[in-house]
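This report refers to the structure that appears directly beneath it.
On a predicted model such as this, the values are computed, not experimentally measured, just so you know.
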Amino acid sequence: MPSRQRARAQASAITPGRQAPDPEPAPVERVRALFGGHRLSPGQRRIAQYIADHLTEAAFLSITDLADRVGVSQPSVTRFAASVGFSGYPALREALQPIALSAVAGSPEAVESRRNELQTAVDAEIANLESLRRRFADTGQVLEVGRELARSVPLTVLGLRISTSLAEYFAYAARRIHPDVRLVSRGGSVAYDALLQSREAGGTWVLAFAMPRHAKETLAAVRAARRAGLRTALITDLTLGPLVEEVDVALTAGTGSRLVFDSYSAPGVLSAAILQAMADADPERTQRRLERYEHAAEQHDFFFED
C-alpha cells in the first residue's frame with residue numbers, strides 16, 4: 001500500500017502546460033456529498049449548513065472561530081467531524097479546503113485563468129495567510145507571548161525533525177535582539193539536558209515548533225520542559241491534541257499541504273510577528289543590540305553592499 005507521502009507526491013505532480021481537468025460537481029454538491037449519509041443531531045446539521053453556506057470562508061477557520069460563528073462549543077465541532085467520518089476537525093478542514101478553492105477558482109474573478117498544481121498550492125497558502133490575518137485582529141496574545149519570551153534569559157527555542165528549519169530561523173533572528181538564545185534541535189536526553197541547563201541558568205520559557213508530521217519526541221521534550229519548571233509556547237498547525245494540551249500557550253497557523261512536502265508561509269509570518277513583539281517589549285535593549293550587531297557586521301565586512 002503506498003505511503004501517505006508517496007500518495008501526496010503522486011497527487012501533487014506538476015502537469016506540464018495547461019490541461020483542463022475533467023468536469024467536477026459543483027462545490028456545494030461536493031460538500032453535501034461529504035456530509036450526506038450520516039445521521040446528524042440538530043446542532044451538527046447547523047454546523048453542516050453553515051459550512052455549506054459559507055464554504056470559502058469556513059474551510060479555513062480555526063475550530064474556535066467556526067464554533068463561535070455557528071454558536072456551538074468546540075467539542076461539538078470535534079464530534080461533528082467524527083460523525084461525518086474524519087479523525088478530527090483538522091482532517092475535515094483539510095478535506096474542505098480544496099473544495100473551497102475550487103469554488104473560488106470558479107468565480108468570475110478567477111474564471112479567466114485555470115490553476116495548475118503550483119498555483120493551487122499558492123492559493124492554499126494565501127488562504128492560510130488570510131486566516132492568520134483575521135486572528136491578528138486581536139494582537140493581545142502575540143504581544144503577551146513576545147513579552148514573556150523577551151524576559152526569559154536564557155530563552156530556549158525547540159524544533160525537531162522538519163520543524164528544525166523554523167526554529168533555526170527564529171533563533172538566528174532572536175539572537176539579534178535577545179542576550180541569550182539557545183537552540184535545541186535534537187531530541188531525547190540531549191534535549192532534556194539542554195532544557196535543564198536553561199532552567200538552571202534562570203530561563204523561564206521555551207518556544208517550541210511542531211509542524212506535520214508531528215514528532216512524538218517533540219511531545220517528550222515539551223513534557224521534559226514542564227518537569228524542569230519551564231513554561232512553553234508552541235507554534236503549530238494543531239488546535240487539539242496532546243501537544244496543545246501540554247503547553248502553556250499555543251499559537252496556530254495553517255501549513256500548506258498541496259505539494260509533496262508542506263510549506264510554512266503562515267507559521268513563518270507568525271514567527272516574525274512574535275520576534276517583533278519581543279523587540280517591542282524592550283525597545284532600548286533591542287536598539288542597543290541591533291546597533292552593536294550592525295557595527296560588528298560593518299567592521300568584519302559580513303555583507304555585500306545593497
Side-chain angles (χ1 to χ4, degrees), residues 46-47 49-78 80-81 88-90 92-94 96-97 99-101 103-104 107 109-110 122-151 166 169-170 173-174 177 205 207-211 231-241 243-245 247-257 262-283 286:
R46 284 170 53 202
I47 298 172
Q49 190 62 52
Y50 183 89
I51 292 173
D53 292 344
H54 306 86
L55 175 61
T56 56
E57 179 186 11
F60 301 99
L61 292 175
S62 68
I63 190 171
T64 303
D65 289 339
L66 180 59
D68 288 344
R69 303 287 176 86
V70 182
V72 298
S73 66
Q74 293 183 39
S76 295
V77 177
T78 301
F80 167 74
Y89 178 68
L92 170 60
R93 186 171 60 177
E94 186 174 348
L96 289 170
Q97 286 176 355
I99 304 176
L101 290 171
V104 174
S107 68
E109 293 81 5
V122 173
D123 289 339
E125 284 288 41
I126 290 171
N128 286 332
L129 289 168
E130 287 285 357
S131 179
L132 183 64
R133 183 181 184 277
R134 288 191 292 270
R135 285 198 290 277
F136 278 171
D138 181 0
T139 59
Q141 185 185 46
V142 169
L143 290 173
E144 179 60 26
V145 170
R147 282 191 293 268
E148 294 294 338
L149 299 183
R151 293 178 187 137
L166 284 168
Y169 156 75
F170 189 96
I177 58 175
W205 278 85
L207 176 66
F209 290 84
M211 299 293 116
R231 301 183 70 188
T232 305
L234 177 70
I235 293 181
T236 185
D237 66 316
L238 298 169
T239 55
L240 295 171
L243 270 169
V244 174
E245 293 167 2
V247 301
D248 294 280
V249 57
L251 302 107
T252 304
T255 58
S257 58
D262 292 334
S263 50
Y264 307 120
S265 296
V269 172
L270 178 54
S271 299
I274 296 173
L275 286 164
Q276 181 67 50
M278 287 177 59
D280 294 346
D282 193 338
T286 295

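Contact detail for Ala150 and Ala281: the closest heavy-atom pair is CB-CB, 3.9 Å. Here the closest non-hydrogen pair linking Ser257 and Asp262 is CA-OD1, 3.5 Å. Shown here for Val244 and Thr239, the closest heavy-atom pair between the two residues is CG1-O, 3.9 Å. Heavy atoms only, all atoms of each residue included: Asp237 and Arg93 are closest at O-NH2, 3.9 Å. Here the closest non-hydrogen pair linking Tyr264 and Glu125 is N-OE2, 3.4 Å. The minimum heavy-atom distance between Ala277 and Val142, with the atom names listed, is CB-O, 3.5 Å.
Residues passing the side-chain hydrogen bond (donor to acceptor under 3.5 Å, both in side chains) test with Arg46: none are found, sequence neighbours excluded. With sequence neighbours excluded, the residues that form a side chain to side chain contact (heavy atoms under 4.5 Å, CB included) with Gln276 are Asp280.
Results of the side chain to side chain contact (heavy atoms under 4.5 Å, CB included) test with Phe60 over Leu101, Leu96, Leu55, Asp65 single out Leu101 as the only residue that passes.
Taking CG of Leu66 as the start and OH of Tyr50 as the end, the distance is 7.0 Å to the nearest 0.5 Å. Summarising the geometry, atom CD belonging to Gln49 is positioned 9.5 Å from atom NE2 belonging to His54; distances are rounded to the nearest 0.5 Å. The CD1 atom of Ile63 sits 9.5 Å away from atom CG of Leu92, with the distance rounded to the nearest 0.5 Å. Note that CD1 of Ile177 and CG of Leu275 are 5.5 Å apart. Values are rounded to the nearest 0.5 Å. Note that the OG1 atom of Thr255 and the CE atom of Met211 stand 7.0 Å from one another [nearest 0.5 Å]. Rounded to the nearest 0.5 angstrom, Phe136 CZ and Leu132 CG are separated by 4.0 Å.
Put simply, the side chain of Asp248 reaches to within 4.5 Å of the side chain of Trp205, judged on heavy atoms. Between Pro267 and Phe209 the shortest side-chain heavy-atom distance does not fall below 4.5 Å. With a 4.5 Å cut-off on side-chain heavy atoms, Leu243 and Leu234 count as touching. Side-chain atoms of Val70 and Val77, non-hydrogen and from C-beta on, never get closer than 4.5 Å to each other. Side-chain contact between Thr252 and Ser62 is absent, with no heavy atoms from C-beta onward closer than 4.5 Å.
In this structure, the side chain of Thr236 engages the main chain of Ala210 through a donor-acceptor pair within 3.5 Å.
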Could you go step by step and tell me if Ile235 and Leu166 meet the side chain to side chain contact (heavy atoms under 4.5 Å, CB included) rule? CA-CA 10 Å; Ile235 293 181; Leu166 284 168; 5.9 Å; no

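Pairs engaging residues 129-140 under the salt bridge (charged side-chain N to carboxylate O under 4.0 Å, His left out) rule: none recorded [sequence neighbours left out].
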